[in-house]
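Order of the sequence lines sets the chain letters (A, B, ...), proteins ahead of strands, with each chain counted from 1.
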Amino acid sequence: MQRARPLRIVLFFSPIIIFLGIMIVFPLFSLIRLSFFRCELLRGAPFFLGLGNFVSLFTQDPIFWIVLKNTFFFTFFTAPIQFIEGTLIALLLNEEFKGRAVFRALVLVVWAVPFVISAQIWKPLLSENFGLINYFLIVLHIIKEPIPWLRSGSLALISVSISLFWKGVPFSTIIMLCNLQAVPRGLLEAARIDGANYWQRVIYVTLPTIKSGILVLSTLLLIFNFIHFDTIYTLTRGGPGYSSEVLSMYAYDKAFTSLTFGYSAAISTVILIILSIMIFFYLRIWSKK
Amino acid sequence: MTKKQHNLIRQMVLISLAACVTGAMLFPLVWIGIISLKKEISIVTWPPIFLPDEIDFTNYVTIWQRGGFGQSFKNSSIVAGATMFLTFCIAMFPAYAMSRFKFRGSSFLPLGILLVQLVPPIALLIPFFLFFKRAGLLNTYFGLVLMYTTFSVPIFIWMLKGYLDSIPTEIEEAAHIDGCNTMQVMLRIILPLALPGIGGAFLYTLMLCWQEFIFALTLMRSMDMRTLPVAVVIISSGKIMVPWKDLATACIVTLVPIIPIFLLFQKFLIHGLSAGALKE
C-alpha cells in the first residue's frame, strides 16, 4: 500500500465520482423535486403543487393503501422463506460429499435465469387447468380441486412468491455458503467433542459466528423483495384487479400508463423513504441484540 | 456399525438430499424445454403429458423471424458487450486505487459504493426516462448501455478490488524501481494477473444485461430495438390465448447462451463475491 499524493487520488477517483454523481445522486434529487410538481406530458407545462401529490396519495387514493399492504405482505412473506431455504441448502452443500461441486454448480444455474423468464416458466406450472403444481398436489391427495393460482385475488401474490422461492435459492445459498465457510473449523470441532449434535452445533456455534453475514443477507432479501418488479409484471401484471400490485409497479403504472409523472415520482419517493426506514430500523434491532 | 459404514450411509444420505434439491431446481427448466418441443395441443392437456410422442422442432427455426427474436438477440448482445467494455474502463481505476492506495476515508468507500447498488430501479427510471426523452436518447443503444453500466460499476469495483487485494505488490514495486509509471504498471502487469477477478465481474455484468427488464422495457420503444427479456414478455402479453409453445421456445432460446457461460465462469464469480465479502 502506498501513501498516495492527493493529485493521484483525484485522478483515479474523479471519473467514478462524477459518473455516479451524474447517474445516481443527481437523478434522485431530480425525482424528489419532480414529486412536488404535477407533471403530465399531455397537459402542458409542469405545475408546482408543493406537497399536493403526497396529500392526494395518502388521503384520496385508496388503491395506494392496498398496494402498500400488498408490498409489505409480499416482502415479509417471501424474504424469510428465501432466507431459510438458502441457509438449509447452504448447510447441505457445506458438507463434504462426492460430487458436491457438481450439485452446487447445478443448483446455482438458476441464478443465470432472468426473472422474467422465471415468471414465464412458472406461468404454465401454476396454470389452473393444466399446470404441474396442481397436478402433483392432486395426485398426492393434498387437494381435491385445482387451485386457481393466478386467477384468484387472494392467491396471486402467493403465486409470485412461489416462483421466487425457486428463483431466489441461488442468491441466498451462495451468500450463506460464503458465510458458512468463514466459520473456523476448530470451533465446530471443539463443540463436537463437547458432545453437541449437528443441529446444536449449527444453532449455538455456526449461526452466532456469522451473525453479521446473516444480517447482510436478510437486509438484502428484504430490500430486493420490497422493490421487486419483473416477476410480478410478467406473471400477474398486478392482477387480478390490484391484488398483486406492489409499490414499484404502481409507480410504474402511474408514470407510463397514466402518464402522471409527478404523482409517480411521489410514489417513488415514498418507496425511498420506506426503504431507508426499513434499513435503519433493521440495523438498530440487530445492533441491540 | 463401523466408522466406514457410518461414513457410507452419511454420504448416501447427503447425496440423495443434494440430488433432490438439484432435481427440484432443474425441473422447471427441463419442463419448459419439454413444452417447447411438444405440439401445441399436447401442452394444455390434463393430465399433463410428460414424454410427448411427437416432437416438433420447427418453432426453433421460425422464432427468429416470427417473434423478431433474431433482432432481440442481436440487441441484447450488443448492449451486453458495450456495457462490459464501458464498465471495465470506468471501474478499473477506482478498484486499483482502492486496493493499492491508502488515504483518508478509504475504508468507507466500499460500503458507500454498495449502498449505490440498493437504489430501486423505478426511482431512477422516471428521471432518466424524462431526461432521455428530452435528449433524444430514447430507443438508442447508448442510453441503455449507460444505465446498465451504472448498475454494474459498483459491484465491478467491489469484486475487482477484492481480487486485486490478493495479488502481492512485489511485482509492482519492482516495476516501479525499473522506472515504470503507475499507468504502465496497471495495464501491463496487473491486468493479466487480474484476469480471473475481471472474468468474474464480467460474468456479473453479462448476467445483468441479459436479465434486466424494466429499463429495457421503458427505454427501448420500437420492436427492432427490444432486448431479449422484453421480447420474451411481449410474446404472451395482450393475447387472449397464450402461445405456450412460442413462449417456451423463447425462454429456451434466451437461456441457451447464458447458462453454459454461467457454468463455465461461475467459479470466478463466486470467488470474486466472497473475496469482496471476506474483507468486511
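Considering all non-hydrogen atoms of both residues, I22(A) and F128(B) come closest at O-CZ, 4.3 Å.
Counting non-hydrogen atoms of other residues, nucleotides and ligands closer than 6.0 Å to CZ of F256(A) gives a total above 12. A 6.0 Å sphere centred on CZ of F26(A) holds no more than 12 heavy atoms belonging to other residues, nucleotides or ligands. Residue R33(A) qualifies as open at atom CZ: its count of foreign heavy atoms under 6.0 Å is 12 or below. Within a 6.0 Å sphere centred on CZ of F50(B), heavy atoms belonging to other residues, nucleotides or ligands number more than 12.
Proximity to chain A is limited to the side chain of L217(B), based on heavy atoms less than 4.5 angstrom apart. In this structure, chain B has a heavy atom under 4.5 Å from the side chain of L272(A), while its backbone stays farther away. Using a 4.5 Å cut-off between heavy atoms, I223(A) contacts chain B through its side chain alone, with no backbone atom that close. Heavy atoms closer than 4.5 Å to chain B are found nowhere in F29(A), neither backbone nor side chain. Of the atoms belonging to L108(A), heavy atoms from both backbone and side chain fall under 4.5 Å from chain B. Using a 4.5 Å cut-off between heavy atoms, E85(A) does not touch chain B at all. For I17(A), no part sits under 4.5 Å from any heavy atom of chain B, backbone or side chain. For a residue to count as touching a neighbouring chain, one of its non-hydrogen atoms must lie under 4.5 Å from one of that chain's; by this rule Y135(A) touches chain B with backbone and side chain alike. Heavy atoms closer than 4.5 Å to chain B are found in the side chain of Y233(A), but not in its backbone. Only the side chain of I32(B) comes within contact range of chain A, with at least one heavy atom under 4.5 Å from a heavy atom of that chain. Both the backbone and the side chain of P124(A) have a heavy atom closer than 4.5 Å to some heavy atom of chain B. Looking at R104(A), the atoms closer than 4.5 Å to chain B (heavy atoms on both sides) all sit in the side chain, from C-beta outward. Contacts between A91(B) and chain A at a heavy-atom distance below 4.5 Å are absent for every atom of the residue. With a threshold of 4.5 angstrom between heavy atoms, L124(B) approaches chain A through side-chain atoms but not through N, CA, C or O. L247(B) touches chain A through its side chain: at least one heavy atom from C-beta onward sits under 4.5 Å away, while N, CA, C and O do not. Neither the backbone nor the side chain of I267(A) comes within less than 4.5 Å of any heavy atom of chain B. The part of F229(A) that comes within reach of chain B is its side chain, from C-beta onward, which places non-hydrogen atoms under 4.5 angstrom from that chain. For chain A, no part of Y204(B) is nearby; none of its heavy atoms comes within less than 4.5 Å.
F129(B) and F261(A) have parallel rings, their planes meeting at less than 30° on a 0 to 90° scale where 60° marks the start of perpendicular.
If you tally non-hydrogen atom pairs under 4.5 Å between each of I174(A), L220(A), I279(A) and chain B, the highest count goes to I174(A). Ranked by non-hydrogen atom pairs under 4.5 Å with chain A, the options R10(B), M147(B), K133(B) are led by R10(B). Counting heavy-atom pairs closer than 4.5 Å to chain B, the top residue among P15(A), A105(A), A255(A), S30(A) is A105(A). Most heavy-atom pairs under 4.5 Å with chain B: of the set I227(A), V107(A), L31(A), I138(A), this distinction falls to L31(A).
Listed by sequence position, L125(A), N129(A), F130(A), G131(A), L132(A), N134(A) are the residues of residues 125-134 of chain A in contact with chain B, using a 4.5 angstrom heavy-atom cutoff.
Remark: side-chain polar atoms of Q120(A) are not paired, donor with acceptor, to backbone N or O of A248(B) under 3.5 angstrom. Q11(B) contributes a side-chain N or O that, together with a main-chain N or O of K98(A), makes up a donor-acceptor pair within less than 3.5 Å. Between the Q211(B) side chain and the I117(A) main chain, no donor and acceptor come within less than 3.5 Å of each other.
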